[in-house]
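Order of the sequence lines fixes the chain letters, A, B, ..., with proteins taken first and strands second; residue numbering starts at 1 for each chain. When reading the values below, keep in mind they use all heavy atoms of this one structure, side chains included, and skip hydrogens, waters and symmetry mates.
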Amino acid sequence: MYKAPRGTSDILPQEQGYWRYIEEKASSLCQLYGYERIDTPAFEDARLFIRTIGPGTDIVEKETYTFEDRGGNPITLRPEGTAPICRAYIEHGMHNQPQPVRLYYFASIFRYERPQKGRFRQHQQFGFEALGSSDPTLDAEVIDMSWQLFASLGMGHLSLLLNSIGCKLCRPNYLERLKEYYSQHIPRLCPDCKQRLKRNPLRLLDCKKPSCHDIAESAPRSVDHLCPECKEHFENVIRHLSLLGIPFEKSHRLVRGLDYYTRTVFELQPRGEEGAQTALGGGGRYDDLIEELGGRPTPAIGFAAGMDRIVLNMKQQGISPYPPETFRVFVAYLGEKAKAESVKLTAELRRAGIAAISSFGDRSLKAQLRHANALGVPHTIIIGEDEVGSGTVILRDMTKGEQKPFKRGEIVHVLESMKL
RNA sequence: GUGGGCGUAGCCGAGUGGUCUAAGGCGCCAGGUUGUGGCCCUGGAGAUCGAGGGUUCGAAUCCCUCCGCUCACCCCA
């Protein structure tokens with residue numbers, strides 16, 4: 001028996017409503033804010049991600065699907081959405097467009113991880129990016145959008161966490177202070193944190209172990225070590241968010257996993273759910289990324305949300321999506337002549353834009369109606385030998401349980417005018 | 001990569017060494033008079049009890065190995 005590969009899953013028809021709901025709300029939000037859709041390939045040159053995400057990060061070290069194609073080219077399945085967009089920005093000379101360039105996307109993301117609740121090897125992300133400006137109003141715009149996204153989905157009880165981790169000028173200094181501080185507490189650190197101290201000191205701050213909690217709480221804070229420019233930038237972001245009435249919480253322990261983030265970082269998560277894979281979305285500035293990829297120095301900021309996690313959360317909160325799409329008319333028949341007529345009528349209905357399917361096989365009318373009922377169609381057309389003879393069809397209203405004959409030539413029009 | 005929990009028909013699930021050639025429910029198929037659904041009744045199909053090995057006179061039930069699922073850690077959406 002074949003099964004979907006580990007960490008992947010089928011989105012079955014009855015689940016599709018959730019996804020369509022999110023896609024529609026997200027797209028119209030982006031439209032409202034002046035963002036345009038972009039789609040990039042599911043795979044890229046492997047080097048694009050190694051350079052941008054950071055050679056020391058877990059994503060690159062052990063979580064990418066990387067292989068050589070038949071031409072010997074190093075390929076990586078997209079493990080995140082921002083780097084490909086920066087690549088496209090550079091490749092298509094978007095710096096010649098009015099800045100900032102506002103883009104959004106829906107993308108499959110691939111990471112070779114051990115699956116658990118809300119974490120998969122293939123998942124869907126929705127994200128948006130504003131490239132080409134460092135204005136703090138843009139930070140506020142993107143954060144506002146991400147907040148409105150969840151509002152428009154009807155999802156409440158969220159926390160918006162906000163922090164600034166400085167730029168390439170002030171962060172090294174801060175990291176030194178952080179390492180100094182942590183070096184004094186090495187014996188009390190968990191094994192993971194001992195590793196982090198060497199490899200990725202920023203991540204020390206968001207260790208989930210209770211034993212490391214106090215140490216992280218009283219650690220030096222990045223916001224206290226920002227250079228004057230970053231400090232002013234952060235203050236302006238905060239001022240604009242307050243202006244917009246966005247209820248953020250400053251979180252000095254919020255750091256993001258990807259190396260390219262600068263200055264503003266933020267994350268949205270359900271309130272009171274510490275520990276598990278709860279971040280529904282997050283983002284931040286990446287002012288050096290485009291330059292690192294060979295473009296001109298171009299500051300930018302973006303956000304991405306995990307659609308699988310949103311679906312999970314909608315279910316938890318009891319938010320019902322759209323009902324599954326279905327057809328409107330089932331055409332039942334009795335006898336060979338009626339069968340031919342049924343196939344013909346079904347085609348006519350479809351040409352007229354009325355979703356319909358014909359019955360099949362040679363089953364009793366009882367069986368056919370039972371089938372129609374199980375499918376939940378509002379209307380069934382019944383064609384028997386008598387109807388073929390008299391040039392009529394029977395239209396049965398499945399919810400009322402009433403039926404009436406109509407002339408064969410008029411039935412399509414009758415259904416058209418009934419527009420449910 | 002590490003640790004915990006779990007694996008009985010499409011789904012839920014009883015069963016803890018013999019009465020299991022495996023209960024029940026949902027779903028599916030058919031029938032309950034001649035061409036009519038939803039409720040009800042009856043019948044049917046569908047399970048190598050995750051796989052392999054072992055213990056035993058006898059294993060879905062005990063042991064071992066493997067595989068898978070799941071939750072948590074690492075990390076991330």
Side-chain angles (χ1 to χ4, degrees), chain A residues 1-9 12 14 22 53-54 56-64 79-82 106-127 146 149-150 190-196 199-200 203 206-209 255-258 267-270 274-283 302-313 330 332-335 338 359 361 363-388 394-403:
Chain A
M1 273 281 275
Y2 287 110
K3 296 201 292 195
R6 182 161 217 209
T8 69
S9 56
L12 299 172
Q14 60 267 32
I22 299 168
I53 299 174
T57 57
D58 275 21
I59 291 185
V60 161
E61 276 198 353
K62 55 181 198 196
E63 294 181 2
T64 55
E80 63 104 19
T82 300
F106 295 94
S108 289
I109 300 293
F110 304 88
R111 287 180 202 163
Y112 189 86
E113 307 183 87
R114 211 66 190 253
Q116 69 183 75
K117 188 174 187 181
R119 196 182 65 182
F120 314 101
R121 290 186 172 179
Q122 177 181 358
H123 74 275
Q124 288 294 122
Q125 282 189 13
F126 157 67
S146 64
L149 170 69
F150 292 102
C190 70
D192 288 327
C193 278
K194 285 176 182 160
Q195 281 301 311
R196 283 189 268 246
R199 299 183 39 174
N200 198 342
R203 294 218 66 90
D206 69 348
C207 181
K208 288 171 196 159
K209 298 248 172 15
V255 298
R256 308 266 312 151
L258 280 49
E267 198 167 286
L268 282 126
Q269 53 178 253
E274 296 295 317
Q277 311 300 313
T278 53
L280 292 172
F303 166 85
M307 295 175 70
D308 305 71
R309 287 185 184 174
I310 293 176
V311 171
L312 230 48
N313 214 268
F330 183 83
Y333 58 81
L334 284 163
S359 188
R363 310 205 289 169
S364 67
L365 186 59
K366 181 195 187 84
Q368 295 184 63
L369 283 173
R370 189 152 48 203
H371 190 69
N373 183 251
L375 293 171
V377 267
H379 294 283
T380 296
I381 286 173
I382 300 165
I383 310 174
E385 298 292 349
D386 297 350
E387 285 70 31
V388 174
I394 293 166
L395 177 61
R396 182 172 179 83
D397 183 321
M398 298 298 282
T399 47
K400 289 185 189 153
E402 294 164 1
Q403 61 188 42

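Candidate nucleotides C73(B), C76(B), U36(B) were compared by shortest atom distance to the side chain of Asp192(A), and C73(B) ranks first. With distances taken from any side-chain atom of Gln116(A) to the nucleotides C71(B), G38(B), G35(B), the minimum falls on C71(B). Of the candidate nucleotides C73(B), C76(B), U70(B), C76(B) has the atom nearest to the side chain of Arg203(A). Comparing atom distances between the Arg256(A) side chain and each of A30(B), C75(B), A77(B) picks out A77(B) as nearest. Distance from the side chain of Ile394(A) is smallest to U36(B) among U36(B), C75(B), C69(B). Counting only heavy atoms from C-beta on, Arg370(A) has its side chain closest to A30(B) among C69(B), A77(B), A30(B).
Between Phe303(A) and Leu268(A), some side-chain heavy-atom pair lies under the 4.5 Å cut-off. When side chains are defined from C-beta on, Phe120(A) does not count as touching Ile109(A), because their heavy atoms never get closer than 4.5 Å. Residues Arg6(A) and Pro115(A) have side chains in contact (heavy-atom distance under 4.5 Å, counting atoms from C-beta outward). Counting heavy atoms from C-beta outward, Pro378(A) and Thr399(A) have side chains that stay 4.5 Å or more apart. Using a 4.5 Å heavy-atom cutoff, the side chains of Phe330(A) and Met398(A) are not in contact. Ile382(A) places none of its side-chain heavy atoms less than 4.5 Å from the side chain of Glu387(A).
Both geometric conditions, a ring-centre gap below 5.5 Å and a plane tilt below 30°, are not fulfilled together for His371(A) over the base of G37(B).
We find that CD1 of Ile381(A) is positioned 19 Å from P of G37(B), with the value rounded to whole Å. The interatomic distance linking Glu113(A) (CD) with C71(B) (P) rounds to 14 Å, in whole Å. For the pair Asn373(A) CG and C40(B) P, the computed distance is 13 Å after rounding to whole Å. Counting to the nearest Å, the P atom of C75(B) and the CG atom of Leu258(A) are 13 Å from each other. Separating the CD atom of Glu402(A) from the P atom of U36(B) is a distance of 18 Å, rounded to the nearest angstrom. Note: NZ (Lys366(A)) to C1' (C39(B)) measures 12 Å, nearest angstrom. Rounded to whole Å, atom P of U34(B) lies 11 Å from atom CG of Leu334(A). Look at CZ on Arg363(A): it is 14 Å from P on G37(B), rounded to the nearest Å.
Regarding contacts with the backbone of U36(B), every side-chain N or O of Ser364(A) stays at 4.0 angstrom or more from both OP1 and OP2. Neither OP1 nor OP2 of C75(B) sits under 4.0 Å from any side-chain N or O of Arg111(A).
Nucleotide A60(B) forms a pair with no other nucleotide shown, judged by Watson-Crick or G-U wobble geometry with both contacts under 3.5 Å. Using Watson-Crick or G-U wobble geometry with both donor-acceptor distances under 3.5 Å, C76(B) finds no partner in any strand shown. Partner assigned to G38(B) is none, using Watson-Crick or G-U wobble distances below 3.5 angstrom. Base pairing annotation: C6(B) forms a Watson-Crick or G-U wobble pair with G68(B), both donor-acceptor distances under 3.5 Å. If you check U16(B) for Watson-Crick or wobble pairing at under 3.5 angstrom, you find it has no partner at all. Nucleotide A45(B) forms no Watson-Crick or G-U wobble pair with any nucleotide shown, as no partner meets the under 3.5 Å limit on both distances.
In the interface, the side chain of Gln403(A) is not paired with the base of G37(B) through any donor and acceptor atom under 3.5 Å apart.
The backbone N or O of Pro79(A) lies less than 3.5 Å from a partner atom in the side chain of Arg111(A), making a donor-acceptor pair.
Distance check on atom C1': U65(B) versus C71(B) gives 24 Å, rounded to whole Å. Comparing G44(B) with G52(B), their P atoms are spaced 30 Å from each other, to the whole Å. As rounded to the nearest Å, U8(B) and C20(B) have C1' atoms that lie 12 Å from one another. The same atom, C1', is picked in G1(B) and in U48(B); the two are 35 Å apart, to the nearest Å. Rounded to a whole angstrom, the distance from the P atom of A9(B) to that of A22(B) is 14 Å. For the C1' atom pair drawn from G13(B) and G31(B), the interatomic distance equals 28 Å after rounding to whole Å. The gap from the P atom of U19(B) to that of A23(B) amounts to 13 Å, rounded to the nearest Å. Taking atom P in both C11(B) and C28(B), the straight-line distance is 15 Å, to the nearest Å.
Within the nucleic acid shown, Ala332(A) has no heavy atom closer than 4.0 Å to any nucleic acid atom. Within 4.0 Å (heavy atoms only), Gly335(A) reaches no atom of the nucleic acid at all. Ile310(A) comes within 4.0 angstrom of nothing in the nucleic acid, heavy atoms only. Contact annotation for Phe126(A): no contact, since no heavy-atom pair falls under 4.0 Å across all strands.
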For this session: For Gln122(A) and Thr8(A), run side-chain hydrogen bond (donor to acceptor under 3.5 Å, both in side chains): C-alpha distance rounded to whole Å, both residues' side-chain angles, the deciding distance at 0.1 Å, then the answer.
Result: CA-CA 6 Å; Gln122(A) 177 181 358; Thr8(A) 69; 5.9 Å; no
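Checked against side-chain hydrogen bond (donor to acceptor under 3.5 Å, both in side chains), Arg196(A) has no partners two or more places apart in sequence or in another chain.
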Problem set entry | Contact letters for nucleotides 2-13 of chain B, in which S counts primed atoms plus P, OP1 and OP2 and B counts the base, heavy atoms under 4.0 Å | BB----------
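Taking the nucleotide of RNA chain B with the nearest heavy atom to each of Ala374(A) and Cys207(A), the more 5' of the two is matched to Ala374(A). Residue order along RNA chain B, read from the 5' end via each residue's closest nucleotide, puts Thr399(A) first among Thr399(A) and Ala305(A).
Annotation: Tyr112(A), atom OH; neighbour count of heavy atoms from other residues, nucleotides and ligands within 6.0 Å does not exceed 12.
Closest heavy-atom contact between Gln269(A) and Ala279(A): CB-CA, 4.2 Å.
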